[in-house]
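Beneath this line is the structure, given in structure tokens, with notes to follow.
The basis for the numbers below is simple: all heavy atoms, side chains too, and nothing from hydrogens, waters or symmetry mates. The sequence lines fix the lettering, A, B, ..., with proteins before strands; numbering per chain opens at 1.
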Number of protein chains: 2
Amino acid sequence: MTLSDKNFAFVMHCGEMGSRWGFNRTIGQMCGLLIITKEPMTANEIADALSISRGNVSMGIKELQSWRLIKVQHIPGDRKEYYAPAGSIWDMANRVFEERKKREIDPTLSLLRDNLLEPATNDDEKFAQQQMHEIHDLLETVTKWSSELQRLSPEQLQSLMKLGSGIGKVLDFKDKILKKS
Amino acid sequence: MTLSDKNFAFVMHCGEMGSRWGFNRTIGQMCGLLIITKEPMTANEIADALSISRGNVSMGIKELQSWRLIKVQHIPGDRKEYYAPAGSIWDMANRVFEERKKREIDPTLSLLRDNLLEPATNDDEKFAQQQMHEIHDLLETVTKWSSELQRLSPEQLQSLMKLGSGIGKVLDFKDKILKKS
DNA sequence: CATTAATTTCATTATTTATTGAAACTTGAG
DNA sequence: CTCAAGTTTCAATAAATAATGAAATTAATG
């Protein structure tokens, strides 16, 4: 199975972007490949399509599984493993978002919490703590929000998404209501 | 000027996180250092504090400027350049967010747009285009939203942020209103 | 305009990260 | 249990990325 030029270009683009999205080139390519391929693929097919070693594919699969982006399927009478995206595009974007929050925000939040528990012992530390406090609050807000978004029903989410520039108006509206009551 | 243990630990943490935030270790450290240091610092002070070469600091400054995270200040009668964060914590987070959108989303959106203009020439391409279409729409929504958030006044933003779990209720409320009218 | 303090550049070197492929391991079938 | 198809591991190697520091450049001062 060979990719058409256009599809190949997309897969290569995913490779280029890979490291910006949180993984590396190969894993970006694998992810892109599995997304645009209708049928689940075997590890060997992936290796062939991308001209990379079998071992590298194995690593990549492990990584993609740790991101919960792919799932394994079996075909009766065939002992090979077939890989496919673990959900819709939306699901996958969500997973990447969640996973990146875990890697990019949580560790810092934890460090800041620890730091802010101890009292500052001089002026430098006092100023530093003020700054850290601001960062802490910002990250907490982001965290609260992302978990809030996770909790919304798909319909609510869609409603929110479609809102777009309407969000400002809804906010003003809400504020008015709250002031009255 | 030497850092206290706690402040040093914070700076080193910023280094560890650096690559996850979109830059590299040194630049993460520089960023953290400038944030928790009350007074603007010279390039040499930065190099000393982090035990890195002067040249490396120069590179880092250039990079941090390209992210619009730091600004240069001058002290009368002193020809050295003094560096300081370019805004509040909130400003900086926003800049990072914006810049990352530019690097992580825009190029893909552009590729997808181009791809979707050309008609698919076979079934594989047809399926691939469906998937790309979904990705495209998702990224467009994200883009629209982030620019929407940029446009909100600070008060509106704060109001939105504080909303937290209230967002669901506001949405339901909005839907009710819309249905009535 | 010469001096010199300060900054930037960039070829070289060091470090980190990714890839290969052969060997070890796992697993299902006979 | 044995075989063979399939997968994983990991030491060795390759590739990419970052850091150094000396030389070149810039710019303020008298």
Exercise for the section: Would you mind listing every salt bridge (Lys or Arg N to Asp or Glu O under 4.0 Å) that reaches into residues 34-62 of chain A, with sequence neighbours excluded? Expected result: none
Practice task
Hey, could you give me the CG/CD distance between Asn56(A) and Gln29(A), rounded to the nearest 0.5 Å?
Solution key: 9.5 Å
Handout entry: Interface residues of residues 22-33 of chain B with DNA chain D (non-hydrogen, below 4.0 angstrom)
Key = Asn24(B), Thr26(B)
Problem - Atom pair CD/CG of Glu134(A) and Asp137(A) - distance to nearest 0.5 Å - result: 8.0 Å
Exercise for the section: Apply the test salt bridge (Lys or Arg N to Asp or Glu O under 4.0 Å) to residues Arg151(A) and Glu148(A): give CA-CA distance (whole Å), side-chain angles for both, the deciding distance (0.1 Å), then the verdict. Expected result: CA-CA 5 Å; Arg151(A) 198 166 298 124; Glu148(A) 197 48 47; 3.3 Å; yes
Handout entry: DNA chain D-proximal residues of residues 48-84 of chain A, any heavy atom under 4.0 Å
Key = Arg54(A), Gly55(A), Ser58(A), Met59(A), Lys62(A), Arg79(A), Lys80(A), Glu81(A)
Problem - Polar side-chain atom of Gln129(B) near backbone of Asn115(B) as donor-acceptor pair, under 3.5 Å - result: yes
Problem - Student check: side-chain heavy atoms of Leu149(A) and Asn94(A) closer than 4.5 Å - result: no
Exercise for the section: Output, in order, the C-alpha distance, side-chain angles, deciding distance and verdict of side chain to side chain contact (heavy atoms under 4.5 Å, CB included) for Tyr82(B) and Met41(B). Expected result: CA-CA 5 Å; Tyr82(B) 287 78; Met41(B) 297 181 78; 6.0 Å; no
Handout entry: Qualifying residues under side chain to side chain contact (heavy atoms under 4.5 Å, CB included), relative to Leu138(B), sequence neighbours excluded
Key = Ile89(A), Trp90(A), Ala93(A)
Practice task
Find out if a path of hydrophobic residues (ILVMFWY) with successive side-chain heavy-atom gaps under 4.5 Å connects Met59(A) to Leu50(A).
Solution key: no
Exercise for the section: With sequence neighbours left out, write down each residue that passes ring pair (Phe, Tyr, Trp, His ring centres under 6.0 Å) with Tyr83(A), or none if nothing qualifies. Expected result: none
Handout entry: Interface limits on DNA chain C, where chain A has a heavy atom under 4.0 Å of a nucleotide atom
Key = dA18(C) to dG28(C)
Practice task
Could you tell me whether Arg103(A) and Glu99(A) make a salt bridge, using a distance below 4.0 angstrom between a side-chain N and a carboxylate O?
Solution key: yes
Handout entry: Pairs where residues 75-94 of chain B contributes a residue and the test salt bridge (Lys or Arg N to Asp or Glu O under 4.0 Å) is met, not counting sequence neighbours
Key = Asp78(B)-Lys80(B)
Practice task
With a 4.0 angstrom cut-off to heavy atoms of chain B, pull out the first and last contacting nucleotide of DNA chain D, in 5'-to-3' order.
Solution key: dA18(D) to dA28(D)
Handout entry: Results of ring pair (Phe, Tyr, Trp, His ring centres under 6.0 Å) for Trp67(B) - residues two or more places apart only
Key = Phe23(B)
Handout entry: Positions of residues 37-44 of chain A (non-hydrogen atom under 4.0 Å from DNA chain C), listed by number
Key = none
Handout entry: Residues in side chain to side chain contact (heavy atoms under 4.5 Å, CB included) contact with Met92(B), at least two apart in sequence or another chain
Key = Cys31(B), Ile35(B), Leu69(B), Pro85(B)
Problem - Partner set under side chain to side chain contact (heavy atoms under 4.5 Å, CB included) for Glu125(B), not counting sequence neighbours - result: Ser4(A), Lys6(A), Asn7(A), Ala120(B), Thr121(B), Asn122(B)
